[in-house]
Engineer: 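Starting off with a structure, shown below.
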Amino acid sequence: MGKESTVNLFRRLEQLNGIGAALSRERDIDRLLENILEAAKAITGADGGTLYSVTEDQSALKFEILRTDSLGIRLGGTTGKPIDFPHLPLRNADGSPNDSLVAAHAAIHDRTVNIADAYSAQGFDFSGTRAFDARTGYHSQSFLTVPMKNHDHELIGVLQLINPRDQETGAVTTFSEADQGLAESLASQAAIALTNRLLISQLERLFESFVNLINLAIDEKSPYTGGHCQRVPALTLMLADAVNATRQGPLASFRMSERDRYELKMAGLLHDCGKITTPVHVVDKATKLQTIYDRIGLVDTRFEVLKRDAELAALRRQLALRPVVDARAEGQELQALQHEIQALEEDRDFLRRCNTGTEAMRPEDQQRVRDIAAMRHWRNPQGVQTSFLTAEEVENLTIRAGTLTQAERDTINYHIVATIKMLETLPWPRHLKNVPEYAGGHHERMDGKGYPRGLTREQMSLQARMMGIADIFEALTAADRPYKSGMTLSEALAIMCRMRDNGHIDPDLFEVFVREGVYLRYGQEFLDAGQVDGVDIAALGFV
């Protein structure tokens with residue numbers, strides 16, 4: 001071997017080492033496949049090539065990447081142009097090996113096939129190649145076909161190169177032994193890199209499926225939170241992308257890679273995983289007296305008992321008057337009974353309205369509930385005269401806003417503590433190590449008055465603050481909650497402006513949220529058309 005050839009070989013070996021390192025760093029499967037083929041073409045000087053993968057059932061080879069430089073053909077991979085060629089079967093209809101196709105033969109017998117001239121080669125069917133040449137004017141001459149096997153010696157694909165060109169003259173030559181050795185080395189490295197990437201992708205899909213399984217479990221427990229678990233991460237990423245694109249203001253330096261984005265996505269999907277520990281009757285509490293069922297039915301029953309008691313008492317008094325036959329007194333008894341029944345029905349309707357919790361309760365209405373409990377009595381199934389409402393029912397019916405008592409709010413709020421505990425027990429890989437902090441901070445406030453840790457703005461990451469905004473906006477606009485209707489965009493933004501002013505949410509992130517129209521994109525994708533109203537951002541203070 002001459003000195004020039006030796007130098008060239010060392011250069012190509014260095015190139016091969018560099019290619020191997022580059023392949024191991026690539027995360028995107030399509031780009032990895034492209035890089036494998038382009039690297040093989042570059043290191044052998046091939047004009048074209050094809051990369052095949054093996055179908056899941058191991059029955060055929062599938063076209064993944066197709067390149068022919070001199071014809072300007074680039075198909076598959078990241079080009080967005082699909083390869084419409086049929087799969088290459090590895091077996092014939094009778095089950096025998098499909099040795100007529102060179103790529104199938106190389107795959108089946110695990111050997112490299114180096115053909116100097118396809119038009120004179122014996123034993124292989126190149127009719128498809130000849131048809132391609134006739135159609136395009138190309139001349140497919142030299143073929144180098146290398147099987148790709150992973151570390152378990154499992155076939156994962158085939159690398160096929162066509163028409164190497166002389167570096168000086170550009171003429172088509174044959175693949176040398178050095179070309180073949182380099183291609184085989186590259187195929188081996190590429191197979192390992194591809195297997196590792198596929199394994200990582202499979203593990204990531206498994207992890208995401210497990211996360212979605214948790215959200216499905218929450219959804220099965222409560223239809224009012226399942227949508228929330230999907231919408232919050234979507235809105236969080238919308239805001240993160242908008243901040244990432246910002247080139248001015250206090251957030252201009254924020255940058256987010258694809259790995260950062262994936263980490264935030266996972267945190268968003270897991271931000272309420274602790275709700276799996278929250279009792280269903282608290283999560284789904286649609287009315288103030290609801291537990292496993294709405295206990296307003298028990299209150300209704302007591303009213304019916306009181307009405308019957310009143311009727312019985314009136315009848316007894318009428319019967320006591322029978323010997324006297326006082327029609328006027330009997331009429332007064334009947335009138336008193338009607339007044340009593342009317343008062344009972346008014347109290348019952350009042351308590352039913354209180355039970356819905358759809359609007360803030362006035363102090364006088366709270367007092368009326370207490371008066372009904374104290375002044376009315378009924379005979380319980382044990383025959384004991386007792387207060388009409390229990391202390392627990394009074395507590396629920398006098399809830400000032402919403403349907404939850406303070407104890408139930410504490411139970412709901414505990415879900416974030418459970419979320420943090422659950423997430424912090426997991427052995428997160430380095431690129432997901434921030435998931436617990438991002439997911440666990442969406443109920444904190446900028447002024448330190450949030451929960452569970454009372455963190456201030458400076459103690460929180462931007463990602464956790466983003467999730468806080470997304471969580472609040474989704475809750476305000478959600479139309480699937482049992483205790484309220486979804487707000488319009490303008491109503492929700494007006495409330496969030498007040499939350500910004502009182503130290504609840506991050507003002508810089510909220511400005512991006514509004515100015516970049518994140519709220520509108522979310523509304524158009526997730527909200528009912530009636531909720532997507534016009535928003536005057538100038539009236540909100542954004543000039």
Side-chain angles (χ1 to χ4, degrees), residues 29 32-33 36-37 40-41 44 46-68 75-77 82-135 138-164 174-177 179-195 197-199 202:
I29 295 293
L32 178 58
L33 294 172
I36 291 170
L37 181 57
K41 284 169 66 269
T44 60
D47 179 53
T50 303
L51 186 67
Y52 305 90
S53 65
V54 182
T55 57
E56 287 190 14
D57 59 3
Q58 300 284 305
S59 66
L61 297 177
K62 173 187 175 184
F63 285 85
E64 290 287 355
I65 312 289
L66 180 63
R67 299 285 187 271
T68 306
L75 300 176
I83 303 176
D84 296 327
F85 300 156
H87 295 352
L88 305 183
L90 294 177
R91 299 282 173 180
N92 296 314
D94 61 0
S96 61
N98 185 11
D99 286 324
S100 64
L101 299 179
V102 63
H105 177 87
I108 294 168
H109 298 286
D110 186 24
R111 74 180 188 91
T112 299
V113 180
N114 191 338
I115 296 176
D117 187 351
Y119 280 77
S120 61
Q122 300 296 315
F124 295 111
D125 179 8
F126 282 103
S127 58
T129 300
R130 294 190 181 97
F132 173 81
D133 289 354
R135 190 169 60 251
Y138 193 69
H139 182 72
S140 304
Q141 178 179 319
S142 306
F143 280 76
L144 181 62
T145 308
V146 184
M148 297 171 58
K149 293 202 169 186
N150 63 18
H151 56 283
D152 289 328
H153 211 62
E154 298 170 334
L155 180 73
I156 63 170
V158 172
L159 174 65
Q160 188 171 73
L161 302 171
I162 303 175
N163 288 5
T174 60
F175 289 100
S176 66
E177 289 186 11
D179 290 333
Q180 180 173 329
L182 290 170
E184 289 172 341
S185 296
L186 174 60
S188 177
Q189 292 185 54
I192 293 172
L194 182 57
T195 300
R197 186 62 253 169
L198 289 171
L199 178 59
Q202 290 167 357

Engineer: I need the E184 CD to E177 CD distance, nearest 0.5 Å.
Structural biologist: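 Reported to 0.5 Å precision, the distance equals 10.5 Å.
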Engineer: Report the residue from L90, L155, L101 that forms a side-chain contact (heavy atoms from CB on, under 4.5 Å) with I108.
Structural biologist: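 Looking at L90, L155, L101, the match for I108 under the side-chain contact (heavy atoms from CB on, under 4.5 Å) is L90.
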Engineer: Specify whether F124 and H105 have parallel, tilted or perpendicular ring planes, treating 30° as the upper limit for parallel and 60° as the lower limit for perpendicular.
Structural biologist: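 Perpendicular.
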Engineer: Could you check whether any side-chain heavy atom of P82 comes within less than 4.5 Å of a side-chain heavy atom of D84, counting everything from C-beta outward?
Structural biologist: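 A side-chain contact exists here, since the closest heavy-atom pair is under 4.5 Å.
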Engineer: Kindly say whether A60 contributes a backbone atom to a donor-acceptor pair with the side chain of T55 at under 3.5 angstrom?
Structural biologist: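 Checked: pair present.
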Engineer: Would you say the side-chain atoms of D117 and Q141 include a donor-acceptor pair closer than 3.5 Å?
Structural biologist: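 No, no side-chain donor-acceptor contact under 3.5 Å.
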Engineer: Quick one: does S96's side chain have a donor or acceptor within less than 3.5 Å of a partner on N92's backbone?
Structural biologist: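 No; zero donor-acceptor contacts below 3.5 Å.
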Engineer: In Å, rounded to the nearest 0.5 Å, how long is the span from CZ of F126 to OG of S140?
Structural biologist: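 The OG atom of S140 is 9.0 Å from CZ of F126, to the nearest 0.5 Å.
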Engineer: Using a distance-only test with no angle check, is there a side-chain donor-acceptor pair under 3.5 angstrom linking N163 and H139?
Structural biologist: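 There is no such pair between these side chains.
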Engineer: Nearest 0.5 angstrom please: I162 CD1 to T129 OG1, how far?
Structural biologist: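 If we round to the nearest 0.5 Å, I162:CD1 and T129:OG1 are 6.5 Å apart.
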Engineer: For the pair N98 and L88, evaluate side chain to side chain contact (heavy atoms under 4.5 Å, CB included) and give the outcome as yes or no after the intermediate values.
Structural biologist: CA-CA 9 Å; N98 185 11; L88 305 183; 5.8 Å; no
Engineer: Any chance you could measure S127, atom OG, to F132, atom CZ, to the nearest 0.5 Å?
Structural biologist: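 Output value for this atom pair is 14.0 Å.
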Engineer: Can you check whether L161 reaches F143 side chain to side chain, under 4.5 Å on heavy atoms?
Structural biologist: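 Not in contact.
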Engineer: Could you check if a side-chain atom of L194 sits within less than 4.5 angstrom of a side-chain atom of I156, using non-hydrogen atoms only?
Structural biologist: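 In short, these two side chains touch, coming nearer than 4.5 Å.
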Engineer: Could you check whether any side-chain heavy atom of T145 comes within less than 4.5 Å of a side-chain heavy atom of V158, counting everything from C-beta outward?
Structural biologist: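 Result yes, sub-4.5 Å side-chain heavy-atom pair found.
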Engineer: Enter the distance from T68:OG1 to L75:CG here, rounded to the nearest 0.5 Å.
Structural biologist: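 Taking OG1 in T68 and CG in L75, the distance rounds to 8.5 Å.
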Engineer: Counting C-beta onward and ignoring hydrogens, is there a side-chain heavy-atom pair between L144 and Q160 closer than 4.5 Å?
Structural biologist: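 Answer no - side chains too far apart.
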Engineer: Looking at every heavy atom in both S142 and P164, which two are closest together, and how far apart are they?
Structural biologist: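 The answer is CB-CD, 3.6 Å.
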Engineer: Please tell me if the side chains of T112 and Q180 come closer than 4.5 Å, counting only heavy atoms from C-beta onward.
Structural biologist: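 Counting from C-beta outward, T112 and Q180 do come under 4.5 Å.
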Engineer: Please report the shortest heavy-atom distance between P97 and R91, naming the atom on each side.
Structural biologist: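 Taking P97 first and R91 second, the nearest heavy atoms are CG-NH1, 3.3 Å.
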Engineer: Measure the spacing between CG of L61 and NE2 of H87 and express it to the nearest 0.5 Å.
Structural biologist: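 Between atom CG of L61 and atom NE2 of H87 there are 9.5 Å.
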Engineer: Looking at K62, I'd like to know if its NZ atom is crowded, meaning that more than 12 non-hydrogen atoms belonging to other residues, nucleotides or ligands lie closer than 6.0 Å.
Structural biologist: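 Not more than 12 within 6.0 Å, no.
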Engineer: Looking at every heavy atom in both A104 and P89, which two are closest together, and how far apart are they?
Structural biologist: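 Closest approach of A104 to P89, heavy atoms only: CB-O, 3.9 Å.
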Engineer: With the side chain counted from C-beta on, respond yes when I115 and V102 share a heavy-atom pair under 4.5 Å apart, and no when they do not.
Structural biologist: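 Sidechains of V102 and I115: in contact.
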Engineer: Looking at every heavy atom in both R130 and A118, which two are closest together, and how far apart are they?
Structural biologist: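 For R130 and A118, the tightest heavy-atom pair comes out as NH2-O, 3.8 Å.
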Engineer: For R67 and K41: C-alpha separation, side-chain torsions, deciding distance, then whether side chain to side chain contact (heavy atoms under 4.5 Å, CB included) applies.
Structural biologist: CA-CA 9 Å; R67 299 285 187 271; K41 284 169 66 269; 4.2 Å; yes
Engineer: Apply the test ring pair (Phe, Tyr, Trp, His ring centres under 6.0 Å) to residues Y52 and F63: give CA-CA distance (whole Å), side-chain angles for both, the deciding distance (0.1 Å), then the verdict.
Structural biologist: CA-CA 5 Å; Y52 305 90; F63 285 85; 4.8 Å; yes
Engineer: Go through H153 and D110 one step at a time and tell me if the side chain to side chain contact (heavy atoms under 4.5 Å, CB included) criterion holds.
Structural biologist: CA-CA 10 Å; H153 211 62; D110 186 24; 3.1 Å; yes
Engineer: Working note: L159 + L37, criterion side chain to side chain contact (heavy atoms under 4.5 Å, CB included); need CA distance, chi angles, decisive distance, verdict.
Structural biologist: CA-CA 7 Å; L159 174 65; L37 181 57; 3.7 Å; yes
Engineer: Of the non-hydrogen atoms in A183 and V146, which two are nearest, and what is the gap between them?
Structural biologist: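 Heavy atoms only, the tightest pair is CB-CG2, 4.2 Å.
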